[in-house]
Amino acid sequence: MPAVSETRVGVLISGRGSNMASLIEAAAQPGYPAEIVTVISNKADAGGLVRAEEAGIDTVVIDHKAHADRASFDAALDAALEEAKVELVCLAGFMRLLTPGFTEKWRGRMINIHPALLPSFRGLHTHERALEAGVKIHGCTVHFVTPEMDVGPIIMQAAVPVLEGDTAELLAARVLAQEHIIYPAALRLICEGRARIEGERVVVDEFEVAERALVAPGI
Ligand code: GAR
């Protein structure tokens, strides 16, 4: 069988790691163009670490509290990524702001999943804010990371309806199910060289699209 060149991916987490798990599961499938070579957490008690270890993936804890400042923490992060020969970084519920130096170094080689349809609802508490704003459609975004938080070029998005009676928890669960679909799909596009940055946008080579609109409330 010809050797398939798989991109070496490092995943950064801070918590339960369900998006990380979706990437690990995708990468375990034959023909998937990425290998998850390390999972790094800034918290020793992140639930995702256990899941990564169960999957036989090397894990690293870099406790941000053990570092005097963000630059020192990011330097340790960078060293761990280099040590694992990581080519592409996936932020998966990684809840630390990164320094401009770190994001510049990994520019074009670091992606993030955000639980909202960017550019709406950057930052935290996206589901609560979507409910407060009364939007009828919400969702999630995979994007390249740039120094400004939740702003970089958008690779893929998925939309879900906001339903009457939704709570933040119900809405979060509906969005999370889509996160688990689009994160592995977006990573595949990048590793196959089918998504590239042009200016502020990501251009994606031919893809199939369902020309069916999501309309909420339904008509
Ligand atoms: C996910 O919903 C992810 O989109 C979000 O945190 C959750 C992590 O869940 N990320 C952010 O809010 C980043 N600012 P997970 O640990 O189960 O993947």
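Heavy-atom basis, side chains included; hydrogens, waters and symmetry copies ignored. Just follow the structure's listing: the first ligand is 1, and inside any ligand the first atom is 1.
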Students should be able to answer this: which protein heavy-atom is nearest to [atom], and at what distance?
{"atom": "atom 4 (O) of ligand 1", "answer": "Glu179 OE1, 2.7 Å"}
{"atom": "atom 8 (C) of ligand 1", "answer": "Gly93 CA, 3.6 Å"}
{"atom": "atom 12 (O) of ligand 1", "answer": "Pro115 CD, 3.5 Å"}

Evaluate [X] for polar contact with ligand 1, using N/O atom pairs at a separation under 3.5 Å.
{"X": "Arg16", "answer": "yes"}
{"X": "Asp150", "answer": "no"}
{"X": "Ser18", "answer": "yes"}
{"X": "Gly17", "answer": "yes"}

Are a donor atom and an acceptor atom from the side chains of [X] and [Y] found within less than 3.5 Å of each other?
{"X": "His114", "Y": "Thr126", "result": "no"}
{"X": "Ser22", "Y": "His180", "result": "no"}
{"X": "Thr38", "Y": "Asp58", "result": "no"}

Which pairs of donor and acceptor atoms, one on a side chain in residues 211-219, lie under 3.5 Å apart (sequence neighbours left out)?
none

Open item on the list: With a 6.0 Å cut-off (strictly less than), is the heavy-atom count around CD of Glu83, excluding the residue itself, greater than 12?
Closed with: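 No - once you tally the heavy atoms of other residues, nucleotides and ligands closer than 6.0 Å, there are 12 at most.
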
Open item on the list: Which label fits His127 and His138: parallel for a plane angle under 30°, tilted from 30 to 60°, or perpendicular past 60°?
Closed with: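 Ring orientation, 0 to 90° scale: perpendicular.
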
Open item on the list: Between Arg201 and Glu198, does any NZ, NE, NH1 or NH2 come within less than 4.0 Å of an OD or OE carboxylate oxygen?
Closed with: no

- [ ] Could you name the option among Arg96, His127, Met95, His125 that has the heavy atom nearest to atom 14 (N) of ligand 1?
- [x] Met95

Open item on the list: For Ile113, state whether at least one heavy atom is located under 4.0 Å from any atom of ligand 1.
Closed with: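 Under 4.0 Å: yes for Ile113.
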
